There are 2 protein chains.
Amino acid sequence: MDRHTEVTPSDIQEMNDGVDTWVANDFSGTCPVRDVLDRVGDKWSVLVVLRLGRGPERFRALLRAVAGISQRMLTVTLRGLERDGLVHREVFDTRPPSVEYSLTPLGHSLLGHITGLANWAVEHEADIAQAQAAYSHKHD
Amino acid sequence: MDRHTEVTPSDIQEMNDGVDTWVANDFSGTCPVRDVLDRVGDKWSVLVVLRLGRGPERFRALLRAVAGISQRMLTVTLRGLERDGLVHREVFDTRPPSVEYSLTPLGHSLLGHITGLANWAVEHEADIAQAQAAYSHKHD
DNA sequence: CTGAATCCCCAACGATACTG
DNA sequence: CAGTATCGTTGGGGATTCAG
């Protein structure tokens, strides 16, 4: 099996301990998962991508749609996503100016996975709350 | 469609703008996705869960396995995951003491999704780098 | 070996005000 | 409307030390 091609759960189970280099190792170099996490793992990127998964949207609409995000952070987040090629920015020369953001094909390819995460979050909301309660109980 | 049951990409496309409350909205309450992000969206949780997806592992082994994590952060991260019911902690009364960490069923259910993310990261490593290069070029 | 406690710093983030 | 600029805060997390 060649690394940097595909990683399935079963592959992971099969990998040997000796020279595994795909993730979570102290190899000298960079870990692609670490990179993505540093990038998309911030406070807002996932929520913005998730929202744009519904379709293109303008700045102000996004600002209203994403709960709690500030104007500044929306700008910063969108710039980051644009820079990484996940989001496309299109300026319409109107008055007043309007800018539309949309997912690129790359962004869409990510959307599927984080949608899965979102589903998981909704589905297991209760389980986590319950686990927390049990934990608190065990530790006074 | 009832919220808090299942969210598929197609569902997302179909949702109306009026009273959508599943995510990324300024509704008065809590967003499950926001919650999970605050929890698992930290610097290390995903990598630790990913690693434990390969099988149970002891503290010291995890410390070596997860690139760059400090002793303190491994402890903190594991506590958080344990508290949320994603990780099980088992103490063996030996000398010296040994503690084994493993994924709970809930943790395994999450594993699938973040493995998908890991795959995506590996697969699109190059695309992102290329997008970044193009972006830097366009903006001097 | 596992892990708690302490100290400290910096980068991420929020609020606000200003511009084209 | 869509940003940019500036400032202040905070808490995440790294290094280190101590303990069972």
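Letters go in sequence order (proteins before strands), and every chain restarts at 1. Keep in mind that this is a model prediction, so the values were computed, not measured.
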How long is the line joining CG of A/D93 and P of C/dG20, in whole Å? 16 Å

Partners of B/T94 by side chain to side chain contact (heavy atoms under 4.5 Å, CB included), sequence neighbours excluded? B/F92, B/S98

Expressed as a whole number of angstroms, how long is the span from B/E57:CD to C/dT2:C1'? 15 Å

May I have the distance from A/L74 (atom CG) to C/dA12 (atom P), rounded to whole angstrom? 17 Å

For B/L62 and C/dC1, what is the distance between atoms CG and P respectively, to the nearest whole Å? 13 Å

Expressed in angstrom and rounded to an integer, what is the separation of B/E100 atom CD from C/dC1 atom C1'? 14 Å

Under the side-chain hydrogen bond (donor to acceptor under 3.5 Å, both in side chains) test, residues paired with B/R79 that sit two or more places apart: B/Y101

OP1 or OP2 of D/dC1 versus the side-chain N and O atoms of A/Y101: is any pair under 4.0 Å? no

In whole angstroms, the gap separating C1' of D/dG3 from CZ of A/F92 amounts to 17 Å

Sorted by chain and number, sequence neighbours left out, side-chain hydrogen bond (donor to acceptor under 3.5 Å, both in side chains) with A/D38 holds for A/R34

How would you list, by chain and number, every residue that makes a side-chain hydrogen bond (donor to acceptor under 3.5 Å, both in side chains) with B/D127, sequence neighbours excluded? none

Which letter, B, S or -, goes with each nucleotide of nucleotides 4-20 of chain D from 5' to 3', with contact meaning a protein heavy atom under 4.0 Å? B-B------BBB----B

Could you state the CZ-C1' distance from A/R95 to D/dC1, rounded to the nearest angstrom? 10 Å

4.5 Å side-chain heavy-atom contact, A/R64 and A/E57: no

Sorted by chain and number, sequence neighbours left out, ring pair (Phe, Tyr, Trp, His ring centres under 6.0 Å) with A/H137 holds for none

